[in-house]
Number of protein chains: 2
Amino acid sequence: MVPTYKSDGVPKATIARMGMYLRCLTYLEQQGTVTISSRELADMTGVTGEQVRRDLSSFGRFGKRGSGYDAKRLKTEIETIFGRGAERWTCCIVGVGSLGTALLASRTIQKWGFKYVAAFDTDPDKVGTRVEHVPVYPLSDLKTIVRREGIAIGAITTPGPSARGIARMLWEAGIRGILNFSPQSIKAPEKIPVLSVDLSQEFLKLSFYIQSAEQRAREEQAEIIAASHAD
Amino acid sequence: MVPTYKSDGVPKATIARMGMYLRCLTYLEQQGTVTISSRELADMTGVTGEQVRRDLSSFGRFGKRGSGYDAKRLKTEIETIFGRGAERWTCCIVGVGSLGTALLASRTIQKWGFKYVAAFDTDPDKVGTRVEHVPVYPLSDLKTIVRREGIAIGAITTPGPSARGIARMLWEAGIRGILNFSPQSIKAPEKIPVLSVDLSQEFLKLSFYIQSAEQRAREEQAEIIAASHAD
DNA sequence: CCATGTGAAAACTTTCACAGCG
DNA sequence: CGCTGTGAAAGTTTTCACATGG
């Protein structure tokens, strides 16, 4: 299973949708929207209104009957659910390759309140430099720095089979959660949530969906032809 | 809903797991493994043996009772399911930023049979160069080139709100499927599968899971303390 | 004897339908 | 009157349990 973490209580799919609602609300706030209905939020995200209401109601009663949800209030509530309150999540990147650099450069990630405080690599040419203003340290300093800075999230962006060892270093240093972007599944102690995202798997899945869609289209076409002959 | 595409028949989760099985089998082949049981595959991926068997059986009967699955054969079968047969999937990247470059550089994606044939950007400094041996064309040439080369998959790696317009250009040029890495949901005609991956959402989800895990740990601790006082 | 493949049961998720309240 | 919040129904996925066959 790609996400090693078991959501326990709130379904995984609900969490994913909550993130989408938050993304929509951020957009709506810029647009100056004051009130939003479950239906509108549903149309923006491609789910049903009932689902939006059910998802939200598993965290509280945020709406007003008759009018909908206060956009500003709902955004704040969801931000709180995701822990974007007093705390700013500190992060580090392990593996300053092209994917690591992409994460360091992502403005969207920073907008959600995540702050990169360190990056790690074994390449002596990279160590000592700064990438997107974030200092790159040698991998051998990982434990010391993660522990000293109290870094919350570690993102693994190494290509190779080193991922498992790095995960171990991270949780031994007291990391609170791991994002694994390597094509390698990771086992960590129960207490440490691990979320794995394998970009190459997305290409694979898409190629399956393309084939199904095209096969379905061919079958529909065949049906139409059969029907036109059956007069 | 992030994945706009409806899997219709085979559940989405099954497809995701099939990809993981393929990844494991590739590894096992290198290790020289000849036969594998559903249980072993399950342990490697963190699912149950029943689930592996159920997943596989929705595509065919690949196993031998008493012994398990022939690793080589099963790998080939799953490759075929994912369309890795005669055809090599041609891809293009729209937006040669850091994420676009990361995808172009990914050896894992190429190992699954995906081949980049073009990249597009609006930046005149990038246009005309090659990134990872792939030529960068102006965005204005997108339709012509996608159509001429018959490109199958378009990956959108632009940061901004341009994603929707690019998606439209892609499907008007006859693309067969879209991978959307922008933090923007995309609507395409039914026939064109779209898979959206928003990396910033993964950070968000992880922060939720970290909080749940830590809260659960605190509650367990409280229970232990309560129990020790209840003697 | 061992592990697959699969009906049937259990668990979970989504949708329906509507009571309840601003 | 309109939209939320939620029991109950419908639908889907996972797990259980075991018949089946190499």
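Rounded to whole Å, atom P of C/dG5 lies 14 Å from atom CZ of B/Phe59. Between the CD1 atom of B/Ile36 and the P atom of C/dA3 there is a distance of 12 Å, rounded to whole Å.
Applying the salt bridge (charged side-chain N to carboxylate O under 4.0 Å, His left out) test to A/Lys72 and every residue at least two apart in sequence or in another chain returns A/Glu29. Residues meeting the salt bridge (charged side-chain N to carboxylate O under 4.0 Å, His left out) test with B/Asp43, sequence neighbours left out: B/Arg39. Taking the salt bridge (charged side-chain N to carboxylate O under 4.0 Å, His left out) definition, one finds that A/Arg65 meets it with nothing, sequence neighbours left out. Residues that satisfy the ring pair (Phe, Tyr, Trp, His ring centres under 6.0 Å) test with B/Tyr21, not counting sequence neighbours, are absent from this structure. For the ring pair (Phe, Tyr, Trp, His ring centres under 6.0 Å) test, no residue two or more places apart in sequence or in another chain qualifies with B/Phe181. For B/Arg164, there are no salt bridge (charged side-chain N to carboxylate O under 4.0 Å, His left out) partners two or more places apart in sequence or in a different chain. A search for side chain to side chain contact (heavy atoms under 4.5 Å, CB included) contacts involving A/Arg218 returns A/Glu214, A/Gln215, not counting sequence neighbours.
With salt bridges taken as basic N to acidic carboxylate O contacts below 4.0 Å, one links A/Lys205 and A/Glu202.
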Sequence neighbours left out, cut at 3.5 Å: what donor-acceptor pairs do the side chains of residues 151-163 of chain B make with other protein atoms?
{"residue": "B/Thr157", "atom": "OG1", "partner": "B/Val94", "partner atom": "O", "Å": "3.1"}
{"residue": "B/Thr157", "atom": "OG1", "partner": "B/Gly95", "partner atom": "O", "Å": "2.6"}

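Of the residues in residues 61-77 of chain B, those lying under 4.0 Å from DNA chain D by heavy-atom distance are B/Arg65, B/Gly66. Within residues 49-58 of chain A, the residues having any heavy atom under 4.0 Å from DNA chain D are, by residue number, A/Arg53, A/Arg54, A/Ser57.
For DNA chain D, the span of nucleotides reached by chain A at under 4.0 Å from its heavy atoms goes, 5' to 3', from D/dG2 to D/dA8.
Applying the ring-ring contact (aromatic ring centres under 6.0 Å, His included) definition to pairs two or more places apart or across chains, none involves residues 39-75 of chain A.
Looking at heavy-atom distances under 4.0 Å, A/Thr14 makes no contact with the nucleic acid at all.
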